[in-house]
Protein chains: 2
Amino acid sequence: MDLRRLRYFVAVAEARSVGKAAERLRMAQPPLSVQIRKLEAEIGAPLFRRGTRGMDLTEAGQALLARASEALALAADGAEAARAVASGRRGRLSVGYMFVLANAVLPRLIPELRRSIPGVDLDFAELSASTREARLLDRSVTVALCMPAINHPEIQVARIGAQPFMLAMPIRSPLARLSAVPMAKLQGRPLIALPWPDHDPASSAVAALLRRHQIVMPIASRVETVHSAMSLVLAGEGLAILPACAQLGAPRGIVFRPLRDATDSIDIAVCWRRDSQSPLIRTFLKCAEKAVAPM
Amino acid sequence: MDLRRLRYFVAVAEARSVGKAAERLRMAQPPLSVQIRKLEAEIGAPLFRRGTRGMDLTEAGQALLARASEALALAADGAEAARAVASGRRGRLSVGYMFVLANAVLPRLIPELRRSIPGVDLDFAELSASTREARLLDRSVTVALCMPAINHPEIQVARIGAQPFMLAMPIRSPLARLSAVPMAKLQGRPLIALPWPDHDPASSAVAALLRRHQIVMPIASRVETVHSAMSLVLAGEGLAILPACAQLGAPRGIVFRPLRDATDSIDIAVCWRRDSQSPLIRTFLKCAEKAVAPM
DNA sequence: CCATTGGCATACCGAAAACGTATGGGTTGA
DNA sequence: TCAACCCATACGTTTTCGGTATGCCAATGG
């Protein structure tokens, strides 16, 4: 059962004539006649009544015609759908993001994406750092919004912005009275620490910041997420040095203050599999850059 | 876009491997690999990710897979449907019948047909004699139940039974007191006549009957249908010589009596286009014979 | 570090299928 | 009776397909 035969069959059925159909198909009449007879042989029954004034569908032919046209349309639609997905006009874009970025980035990012790629199903998942990496690698998410970027040979990274570090503390903290906190004031105070990228203490931007200013802060607790850090800060367990955007999701009772003399910042990055050929990534990158531009 | 390519594509997608799919398709691996690449070239985008452990669908491939499987199923279903129609397992059987036969034949015929050809859509239409002929010729009915048979070179006829003629008269008629009416009693009485087949007076069985008994009955009215004839009989316009089965649909006030010494009968026949190759006709004929057998 | 294995891609050749041209045969209508 | 129309058949050419042989690459194991 060949799709070309079906196409020929539908053409002849619609033209009610081999000659007319051949003309429309831009081919000679005899080979078309042969193909129709081969199709009839394959089915095992005549599909047309041959009259002196052209061809007319038999009932078996009518039964075939309906499904054949549908099959043709489906095949064409399948090819078109595949092309549309490959070109990024349709498909699915699965985005893994970290919770801190939700309030800061998503409200501008999502409308921008819906405008840019209206045919694409968007799928957002709030994921922890390690899950983002794992799901990028197994392709169950296409891109990830990270802070900081994932460091992995298979994963490509594009920096789209940065967040200055700020000090997060309970509102009753004496430091909260300052409009900006000098680094020196942090000496010896307990720190609520976040995970180091790649389990390497030196790779942490906060560690680097403290080291450069020769500040030592004992680690009171180590938590996985910025929000856990803020909870512990609120509980009086210690201070946290967090990206500025964390303010947007901070609970009442926490205040943020800039660190005087510290221009350090943490990168916001888009990460994706190096071998992913999804054309949606470029678009996503553009939209993400736009979304973080005002920050 | 070739259906074979789609079949190959689906096989590879399901086996997640060219080699395995080739085995299942009973062909060598290289040509299958070539066909897949040709399909990708036709679509204009890669459909598989080639890994060291086999093939994996890209998103474009997934988009194609859904429709390709559907298209394959539709094509197979179309072929099967055409075969089913050609073999008489499915399809439509359009039956034209005359009103007089409705009560006599249809109650036994219809259940018989539904049992014999459950997959076939039945379509019954009560039609006048000339309409039956016309619609057989233009193929808008497949078979016709006639009494008497249609006489036309394009139309084939099978006699499935016969109905003896009876005399229909008002219940108050003096003849109604007889259990059987001798032909001689009809002499000179007004007759309600039905149309002659082929507009040929000699071809009418009733005319032949009267001629053979040398009876002359003046024609009081000429009507198209048996039921009209009975209406006029009831109105006292004359007598009618009708097939026995007309009793079943006769209005109150009409009685039927056999004609003594007249063994004449009128044929019940199934008629169809000589060039119709519908396999349903044979089945219909069998069922119709069964349905009229007790009569 | 090299050999082996597993899997897909490429090259080439023979076979099958399709297409075009030429032509036949049947019916219709002038 | 002839011309026109339409489908079917025949035959040669070209395209395409499938099989065999082989190459390339990565992962695996000694």
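Atoms considered below: every heavy atom in the structure, side chains included; atoms not considered: hydrogens, waters and symmetry mates. First the proteins, then the strands, lettered A, B, ... as listed; each starts at 1.
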Asker: Does a salt bridge link A:Arg89 with A:Glu80, judged by any charged N lying under 4.0 Å from a carboxylate O?
Answerer: yes
Asker: Measure from the side-chain heavy atoms of A:Gln35 and tell me the nearest of D:dC6, C:dA18, D:dC7.
Answerer: C:dA18
Asker: Quick check on DNA chain C: between A:Asp2 and B:Val34, whose nearest nucleotide comes earlier from the 5' end?
Answerer: B:Val34
Asker: Which of these nucleotides, C:dG20, C:dT10, D:dT20, is closest to any side-chain atom of B:Ala28?
Answerer: D:dT20
Asker: Got more than 12 heavy atoms from elsewhere within 6.0 Å of CZ, B:Arg274?
Answerer: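 It does: B:Arg274 CZ has more than 12 such atoms within range.
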Asker: Given C:dA17, D:dA8, D:dC17, identify the nucleotide with an atom nearest to the side chain of A:Lys38.
Answerer: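 Nearest to the side chain of A:Lys38 among the choices is C:dA17.
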Asker: Where the side chain of B:Arg53 is concerned, which of C:dG7, D:dA8, D:dA26 is the nearest nucleotide?
Answerer: C:dG7
Asker: For A:Leu127, is there any backbone N or O sitting under 3.5 Å from a side-chain donor or acceptor partner on A:Arg132?
Answerer: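 Answer holds: yes.
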Asker: Indicate, with a heavy-atom threshold strictly under 4.0 Å, whether A:Gln29 touches base, sugar-phosphate, or nothing.
Answerer: base
Asker: OP1 or OP2 of D:dG18 less than 4.0 angstrom from a side-chain nitrogen or oxygen of B:Arg26, does that happen here?
Answerer: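 Answer no for this pair, as no side-chain N or O of B:Arg26 is under 4.0 Å from OP1 or OP2.
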Asker: Once you apply a heavy-atom cut-off of 4.0 Å, does B:Phe48 come out as touching a base, just sugar-phosphate, or nothing?
Answerer: nothing
Asker: If you check the B:Pro31 side chain, which of C:dC8, D:dT20, C:dC19 turns out closest?
Answerer: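 Given the options C:dC8, D:dT20, C:dC19, the side chain of B:Pro31 is closest to D:dT20.
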Asker: Between B:Thr52 and A:Leu32, which has a closest nucleotide on DNA chain C that is more 5'?
Answerer: B:Thr52
Asker: Which nucleotide, D:dT9, C:dC19, D:dC6, lies nearest any side-chain atom of A:Lys20?
Answerer: D:dC6
Asker: Roughly how far, to the nearest 0.5 Å, is the CZ atom of A:Arg135 from the CZ atom of A:Arg273?
Answerer: 14.5 Å
Asker: What's A:Gly54 touching, base or sugar-phosphate or nothing? Going by heavy atoms closer than 4.0 Å.
Answerer: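 Sugar-phosphate, backbone atoms only, no base.
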Asker: Where the side chain of A:Pro30 is defined as all heavy atoms beyond and including C-beta, which of C:dT27, D:dT9, C:dT10 is the nearest nucleotide?
Answerer: D:dT9
Asker: Could you check how far CD of A:Glu40 sits from P of D:dT9, rounded to whole Å?
Answerer: 11 Å
